[in-house]
Amino acid sequence: MKSNPPHEDPVAHSGHASSVSHLRGLLEVTRLLRADEDLESLLNACARTVSESLGFATVVITLYRPAWNDFAVTSVHGSDAAREVLMGAVREWADWEPLLDERFHRCGAYFIEHDSFDWESVEQTSFVPEIEPSDDPDAWHPEDALIVPLHGSSPHPLGFVSVDEPASGKKPTDSELEVLVAVAAHAALAVEAAQEAVLAARHRDALDQLLRVSAQLTESDSIESILAAVCDGIRSALGFQKVSIDLPEPDTGRPRAHAAVGWDATDEVLITTTDVNDLRPLLDSRFDVAGCYLVPGEEARRLLRRGQGTYSSVMNGRGPHAWNHHWLLVPLHDREGEVIGMIWADDPDDRLIPSRDRLQALRTFANQTTTALASMSQFEEMRFLANHDPLTRLGNRRAFMSRLELETSRALRYGSSFALVVCDLDGFKEVNDRFGHLAGDEALEHVAAVLRDVVRGSDGAYRLGGDEFGLILVETGEASAGEVVGRVRSALVTSEDEHLSALRASFGVAVCPDHGVTPGGLFNAADQAMYEAKRLGQITRLAFGE
């Protein structure tokens with residue numbers, strides 16, 4: 001990253017003032033972890049905070065784009081000229097990898113001095129500041145570069161923070177690099193949380209859309225209106241630009257598209273009948289994800305008979321996470337389990353292979369279709385999923401927040417109390433990495449079963465997201481809440497499943513009104529207590545006999 005000249009002359013600060021500024025930067029980025037901001041606003045705030053607290057005139061944040069398997073500049077804090085040149089610049093991993101050489105590594109950052117790297121050897125969009133080089137060996141050179149990777153839970157970096165033009169005019173010291181790396185680590189957590197929030201919001205919207213479509217289905221008086229509502233719902237809720245539903249023709253029994261969105265009405269895909277048996281090679285268990293069949297394009301072409309599968313996707317991406325001419329089929333089953341139709345979904349608007357949650361929602365649309373075609377009524381499952389986690393069947397975050405607001409209001413009105421318990425699993429990533437995501441799902445289900453068994457019927461157990469859970473214990477003080485936590489601990493440590501051997505649980509308790517009188521205040525208090533317990537090592541190991 002190369003940047004523009006600073007707008008202000010450097011100001012000399014005392015070591016104490018600099019430390020205070022650094023601390024404020026850490027606190028500000030930490031605050032962003034809890035801020036309810038969209039990703040773009042969060043990135044701009046992170047870049048501004050790094051600039052103002054650490055004294056760099058230009059700060060650039062580059063994020064990984066899974067649909068393209070590359071990195072794009074998404075935020076530039078600095079001059080208009082720097083933004084004009086750098087904003088939106090795209091680089092491949094091959095362009096970043098040489099910069100992350102061990103010879104440039106210092107304190108978790110990568111400092112590339114101007115005379116130690118041939119910038120023409122990589123594709124880099126550069127903007128060199130108009131700074132006069134100095135003979136001082138400690139002076140910052142206009143072609144120096146300082147990069148900090150943003151590490152999240154994925155193997156590859158979330159992105160990078162690149163900084164330029166230090167106000168001091170000097171090369172960074174180790175202590176300054178350590179502060180920059182610490183701020184970047186907090187920024188990475190904030191970015192990953194914001195990205196996960198976007199996915200969670202989309203999933204909630206999909207479930208809400210499912211409810212609306214379900215209501216339409218019960219009101220529909222024809223198969224055509226049912227199918228049209230399902231196609232529209234899948235497109236708007238799940239982001240597939242093309243959706244069609246094939247049902248057998250009454251006279252021949254061969255499936256044909258009876259409803260579609262996003263296709264041209266004269267497209268051969270819609271007007272051609274096919275045989276379910278022709279597609280059976282694609283309905284192989286190795287392609288089964290949440291009841292949907294996701295088949296790579298090359299594999300589909302190999303398995304289909306000649307003349308089948310002539311359509312090619314339009315919204316393709318690049319890399320291991322991208323949609324690339326995949327086939328996505330969702331069979332519709334009758335009560336005997338026979339395939340009676342098929343939902344086709346294509347061209348995802350984000351150009352990504354759909355997540356398991358997204359496919360679970362698509363499978364639910366398919367289930368709704370068969371149910372509506374059979375009875376045109378039941379959608380209780382959709383009501384349940386709107387407020388519950390589909391994996392653990394516990395209440396979801398939306399239901400948790402609604403209950404938390406209700407209990408807070410009730411406690412303040414009637415002078416009663418209730419306890420909030422937050423539980424976080426440590427080592428969950430290790431379970432996924434060692435045993436696979438199915439084992440991770442089973443671990444979450446095990447914890448959910450324990451919570452469900454321990455709490456009373458008047459209490460509530462929730463999955464707040466990822467590996468974080470919450471309990472709301474009505475008419476409960478701190479001592480009683482501690483007893484509940486103890487029962488949960490006892491139940492967790494009795495597991496003999498080897499998949500749970502690396503798993504830990506940390507707990508935090510907050511009581512209304514003693515520790516807070518607002519939902520947000522109570523949640524923060526419980527969250528802080530949990531992290532304090534984690535720091536002190538007050539954790540529960542989820543393995544038999546330990």
Side-chain angles (χ1 to χ4, degrees), residues 1-8 10-33 42-64 71 73-79 82 86 96 99-114 116-117 124 127 129 131 138-152 157-193:
M1 188 279 299
K2 295 293 175 282
S3 51
N4 209 40
H7 298 292
E8 301 176 340
V11 179
H13 294 284
S14 68
H16 174 72
S18 177
S19 297
V20 171
S21 177
H22 295 169
L23 179 58
R24 287 175 178 169
L26 280 169
L27 292 174
E28 175 61 19
V29 175
T30 301
R31 183 195 65 79
L32 294 175
L33 281 169
L42 185 144
L43 291 172
N44 292 334
C46 285
R48 183 182 67 252
T49 298
V50 171
S51 175
E52 293 175 353
S53 63
L54 303 185
F56 292 96
T58 303
V59 179
V60 177
I61 298 180
T62 304
L63 289 189
Y64 177 68
F71 297 83
V73 175
T74 53
S75 181
V76 177
H77 182 84
S79 69
L86 298 173
W96 283 101
L99 304 178
L100 306 182
D101 192 281
E102 276 301 313
R103 62 196 174 105
F104 304 132
H105 185 265
R106 278 180 57 194
C107 305
Y110 294 84
F111 179 54
I112 302 99
E113 298 192 61
H114 67 284
S116 62
F117 186 78
Q124 293 278 341
F127 191 90
I131 302 174
D138 294 327
W140 180 275
H141 191 278
E143 293 187 4
D144 286 345
L146 179 53
I147 301 167
V148 182
L150 297 174
H151 293 295
L158 288 172
F160 303 93
V161 175
S162 308
V163 298
D164 210 333
E165 302 175 84
S168 66
K170 300 290 186 179
K171 296 175 182 177
T173 65
D174 284 355
S175 61
E176 289 171 335
L177 288 177
E178 288 170 355
V179 173
L180 177 60
V181 169
V183 171
H186 282 66
L189 291 174
V191 169
E192 190 166 46

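Starting from 1, each residue takes its place in the sequence as its number. What you see is a predicted model, and the numbers here were worked out from it, not measured in a lab.
The NZ atom of Lys171 sits 12.5 Å away from the CG atom of Leu177 when rounded to the nearest 0.5 Å.
Closest approach of Arg106 to Thr173, counting heavy atoms only: NH2-C, 3.6 Å. Nearest heavy atoms, Ala190 versus Leu42: O-CD1, 3.7 Å. Heavy-atom minimum distance, Ala82 versus Thr58: CB-CG2, 4.5 Å. The two residues His77 and Ala47 have their closest heavy-atom pair at CB-CB, 3.8 Å. Listed here is the closest heavy atom pair of Ala188 and Leu158: O-CD1, 3.5 Å. Considering all non-hydrogen atoms of both residues, Leu146 and Ala109 come closest at CD1-CB, 4.0 Å.
The side-chain heavy atoms of Asp101 and Phe117, taken from C-beta on, include no pair separated by under 4.5 Å. The shortest distance between side-chain heavy atoms of Cys46 and Ile61 falls below 4.5 Å.
Side-chain atoms of Thr74 do not come within 3.5 Å of backbone N or O of Thr62 as any donor-acceptor pair. Using modelled atom types, one side-chain atom of Asp144 and one backbone atom of His114 make a donor-acceptor pair closer than 3.5 Å.
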Q | Stepwise side-chain contact (heavy atoms from CB on, under 4.5 Å) test for Glu176 and Leu54 | A | CA-CA 8 Å; Glu176 289 171 335; Leu54 303 185; over 6 Å; no
Q: Check step by step if side-chain contact (heavy atoms from CB on, under 4.5 Å) holds for Leu63 and Leu43.
A: CA-CA 10 Å; Leu63 289 189; Leu43 291 172; 3.6 Å; yes
Q: Check the pair Leu100, Phe160 against side-chain contact (heavy atoms from CB on, under 4.5 Å), reporting the backbone distance first and the verdict last.
A: CA-CA 11 Å; Leu100 306 182; Phe160 303 93; 3.8 Å; yes
**Q.** side-chain contact (heavy atoms from CB on, under 4.5 Å) between Ser116 and Ile112, worked out
**A.** CA-CA 7 Å; Ser116 62; Ile112 302 99; 3.9 Å; yes
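Partners of Ala184 by side-chain contact (heavy atoms from CB on, under 4.5 Å), not counting sequence neighbours, listed by chain and number: Val148, Leu150. Checked against side-chain contact (heavy atoms from CB on, under 4.5 Å), Glu178 has the following partners two or more places apart in sequence or in another chain: Cys107.
By the 30° and 60° cut-offs, the orientation of the rings of Trp140 relative to Phe111 is tilted.
Taking the six-membered ring wherever Trp is involved, the centroid distance between the rings of Phe71 and Tyr64 falls below 6.0 Å.
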